Amino acid sequence: MSIKKDDFTVDAGGVNALLTGLSGRFTGETPDQKPGDGTTAERHDGTTADVSERSGAARPSKYTLLLDQDDALTLDQLALTLRRRTGRPVDKSEILRALIRLADADGRVADDVARALDRRTAT
């Protein structure tokens, strides 16, 4: 039985040197920084954002929307039309949020949505 040598060797010395060189760039927490909960980020000057500077908006919930080809094309066309009307890019999620708010605020819109979703009246 013969002993076979490894076909190759891996030298990790360069990686260690790279990581050692980078470690000096990162500083510890500043005195006014909250514990490392992942919500505070260090600014270039070493300070952290005050809690009052954060926006009061709640984090958005993530949903998956499955559209058939026709509905996807309609949503794309609507986004393009709204971009032309508003003079700025309009995100598709922004359109859907506006439609939800409209249906919630206006009973007629909610009635139209209910009729569209009513399988009993579908043709």
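This structure is a prediction, so every number in the text was calculated from the model and none was measured.
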Measuring from Leu82:CG to Ile95:CD1, what's the distance to the nearest 0.5 Å?
5.0 Å
Shortest non-hydrogen separation from Ala103 to Ala110 and the atoms involved:
O-CB, 3.4 Å
Given Glu94, which partner from the list Arg88, Arg83, Arg101 fulfils the salt bridge (charged side-chain N to carboxylate O under 4.0 Å, His left out) test?
Arg88
Expected list for residues 74-81: side-chain donor-acceptor pairs under 3.5 angstrom, two or more places apart:
from	atom 1	to	atom 2	distance (Å)
Thr74	OG1	Asp70	O	2.9
Asp76	OD1	Lys92	NZ	2.4
Thr81	OG1	Gln77	O	3.0

For the hydrophobic clusters of this structure (ILVMFWY residues joined by side-chain heavy atoms under 4.5 Å, transitively), does one cluster hold both Leu99 and Val90?
yes
Do Ile100 and Val109 belong together in a cluster built from hydrophobic side chains that touch within less than 4.5 Å?
no
Could Arg115 and Asp112 be called an ion pair, given the rule that one side-chain N must be under 4.0 Å from one carboxylate O?
yes
